[in-house]
Amino acid sequence: MNYEEQWNRLNEYQKAAVLDESPACIVNANVGSGKTTVLIAKILYLHMKKQVSIRDMAVLTFTNKAAGEIKERLLAIEPKLTEEDLAGFGTFHSVAMNYLRTRLDVESMGWTKQFLIIEPDEEAELALRLSKEQNWKIKYKNRLKKRLEQEYTAFRQGKTKSRYQDDMFLLFEALQEEKKRQNKMSFSDLIEVCTKLLNREDEQKESTCADDSLPKNGETDYGHRSEKPEWIIVDEVQDSDKQQMEFLTALKGEHTRLFAVGDPNQLIYSWRGSVETMFYSLKHQFDAKELSLPVNYRSSRTILEAAGRFLQYGNTVAGSREEGMPIKVQNHYDAFQEAQYLAQKIKELHLGGMEYGEIAIFYRLQSQSEILEKVFEREGVPYTVSLKKTLREIPVLDWFVKVLTFACNQKDRYAAEAVLSHPFYGEGMEKKRLKSFLAEPKEGEVDLYDRMKGFQEAFSSETGKDGMEIYSYFSLDASLHPNAASYEEDRKLVLDLCKRLVIYSQEDQKSLAKGTAQFLRSSALYGIQILKEEENPGKDQVRLMSLHASKGLEFTVVFIIGVNDGLIPLTGRSFEQEEEERRLFFVGMTRAREQLELSYYTNPGQPRVNGGPGRYLNMLPKHLLDWEGSQAPEEKMANLKQLRKAVRREQEKSGYAQSKAEAATESVAAEKIAPAIAGEELTVRKVRHPKYGIGILVDENEMTAEVEFEGYGRKEFLKAFGEIEMLQRKIREKKCRTQIFILWRHFFY
DNA sequence: CATTCGCCGCGTAAA
DNA sequence: GCGGCGAATG
């Protein structure tokens, strides 16, 4: 498709965004409104119609996948573009890296242009080593990686003490020095150093201009000089954190135009640092013009209307499609029963002509995928799980790497201890015996220990075949427990790593002993991406993923499983977290084009998860749902209780004529269902909502209020939102008569 | 060195 | 609402 064709397909909002040339512009892009299309059209427009060089653009994304997509679509139209032309296109990190490697004075900060990247696992390991060398007190070493990430921001901002009262901040300084010595930069170093150097350049330029009164475009050579881009274009801006925001500010020159696209309703990563108010602070900092892309092209009107219940109050998404099918709400006894149901249902869909790749299942926790995987495997439903694990996170490999570490470096007693004392893969020795053994290791006592000691010698000349020889050398079957459930998978993982060792050694023409030692020292170890299942994007497979991972994707049929309180939403500790859960559910629902099915368990079988339909299901408009029995039994009970109260009161006070039969049935029901309410005083609280009008408060707790509105049914609100106004006046019996009839009608409808 | 008490966080994940 | 870690006790 050429540029003109693409242009003609845009709607008026999209065209406005493409044409906008304000100094700063922020586009509020609704879900499914063609955000990426606009971004690409904008780049093409600037390039082809405005003669802006591709090299003068910085196009920033959060993931490599998004960056790749943009580059790919650009190359399809402009195949002549080289990698150098596209140096400004990429993730924040890769663009910062390119600036550091080509245009900035990194030497002044202690690195050289050939710096390498240090990955979080390797950095944590390095930190651990340093803290041992210096005898520093570091708490919670088992979550050191997380601590490094979390507390690094505080360190950069000049804080000097950790909240855990240990030597973390001494360690940070030593770590920075050590990274410079090794000429390595961490992910956050890339952005931090780049930001600092860009800012420093601006200062130098200013002072030079002032001293020599140079004309604005005076050509002066500072040795290192980076021209600011003409345009900065940012994707998914709602996900930026403070550091990325500072980078943006530093990268933006006086005449740089900024174009940022994002959706505040899809903010689901505030827990990893993105600033919740980013969208708005950006608008104010750069005095940005605000545009919007309101029209959703993806989902059916039913899906859109239901999902709309989870938008921040006041936001709306305009649909462009037909009504579509109702949203199915399905109850299952537990996750196992559900997995079997899904396997069956998906097979039926496939028989009906649906590709497996058009179907996705979303869940809140990674652990929920396991049961689906097992059942789908058995039932022959092809699937992929989108889950990348690092080596460290796979227990057997973490343990095996320690085996190799000690095998290559016998001074590392820490590694030997970890290997032998591992609760599952270790030797199962008593603590005392292990200690005395490690103090004076004797040959012939612990076989694995002897094997590790002999590794270097045994493989000093061998180049290796397929990795099996390493596996048998260590007699790993003894450690991996062939009868254990994890055995098959563990064995496969270990053999795979052994094979990589062989390949690595062969490539470097080294013996296995030397190759392994070098492999452990190199960052190759951390570079390995271990996929739980081989990802075959081309293959026709059902996609299983977390709600988070679903962002940015779309499918014809979507199942969101486990809409139970405590799972969706996950019980958070704050209102902000609850809001984020709502947005997460919104993101998940809006991935579906045609069909959406939501499920809940009667018996979730997990602590802190309630059985029965979650409150998010009750927030959905009933007329959009295909819910067996239309209401959950619990809800019927609650309704009935309220009704009993109201009706009884009415009858007593006003002498409302009622048939004896009716009265009899009702009193029986009342005795059975809610004997305690008989003598209760009736008070009805009214509530006002800007959209639904006046309603009756049905139920409330500290956080939420449930309200019944005529014509809309029941809605649940977070009190913290302030969307609903509690009318203080308590209404006595006579006045509430109308409302009682409304309640009555709704219940029997 | 063994026990006990109190605190932290659990889960989601990109570079 | 529990499990793991670390500091404090004898």
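Throughout, protein chains are lettered first and strands after them, A, B, ... in sequence-line order, and every chain is numbered starting at 1.
If you check every strand for non-hydrogen atoms under 4.0 Å, A/E149 touches a base. Across all strands, A/K551 comes closer than 4.0 Å to no nucleic acid atom at all (heavy-atom distances). Looking at heavy-atom distances under 4.0 Å, A/L570 makes contact with a base.
A donor-acceptor pair under 3.5 Å is absent between the side-chain atoms of A/K551 and the main chain of A/R591, judged by distance alone. At least one donor-acceptor pair closer than 3.5 Å links the side chain of A/N564 to the backbone N or O of A/Y601.
Distances from the side chain of A/Q577 to the nucleotides B/dA13, B/dG11, B/dC8 place B/dG11 closest. When distances are taken from the side chain of A/K137 to each of C/dG4, B/dA15, C/dA7, the shortest belongs to C/dA7. You'll find that the side chain of A/T63 is closest to B/dA15, out of B/dA15, B/dG11, B/dA13. Closest to the A/K139 side chain, of the nucleotides C/dG6, B/dG9, B/dA13, is C/dG6. Considering only the side chain of A/Y140, C/dG6 comes nearest among C/dG6, B/dA15, B/dT12. Distances were taken from every side-chain heavy atom of A/S546 (C-beta onward) to each of B/dA15, B/dG9, B/dA13; the shortest belongs to B/dA13. Distance from the side chain of A/E581 is smallest to B/dG11 among B/dA15, B/dG11, B/dC10.
Across the protein-nucleic acid pair, A/E236 atom CD and B/dA13 atom P stand 15 Å apart, rounded to whole Å. B/dG11 atom P lies 15 Å from atom OH of A/Y363, rounded to whole Å. The nearest whole Å value for the distance from the CZ atom in A/R143 to the C1' atom in B/dG9 is 6 Å. For the pair A/D166 CG and B/dC8 C1', the computed distance is 13 Å after rounding to whole Å. Note: NE2 (A/H548) to P (B/dA14) measures 10 Å, nearest angstrom. The distance between atom CZ of A/R163 and atom P of B/dC7, rounded to the nearest whole Å, is 13 Å. Rounded to an integer number of Å, the gap from A/R147 CZ to C/dC5 C1' is 12 Å.
Shown here for A/L282 and A/A260, the closest heavy-atom pair between the two residues is CD2-CB, 3.8 Å.
Using P as the reference atom, B/dG11 and C/dG4 are 12 Å apart when rounded to the nearest Å.
For the residue pair A/E373 and A/S369, a side-chain donor N or O sits within less than 3.5 Å of a side-chain acceptor on the partner.
Taking only side-chain nitrogens and oxygens, A/Q366 comes nearer than 4.0 Å to OP1 or OP2 of B/dA13. For B/dA15, the OP1/OP2 oxygens have no side-chain nitrogen or oxygen of A/Y152 closer than 4.0 Å.
Between A/T571 and A/S94, the residue anchored nearer the 5' end of DNA chain B, judged by the nucleotide with its closest heavy atom, is A/T571.
In terms of polar N and O atoms assigned as donor or acceptor, the side chain of A/R272 never comes within less than 3.5 Å of the base of B/dT12 in a complementary pairing.
In this structure, A/R103 satisfies the cation-pi test against A/Y99, with its NZ or CZ atom closer than 6.0 Å to the six-membered ring centre and inside 45 degrees of the ring normal.
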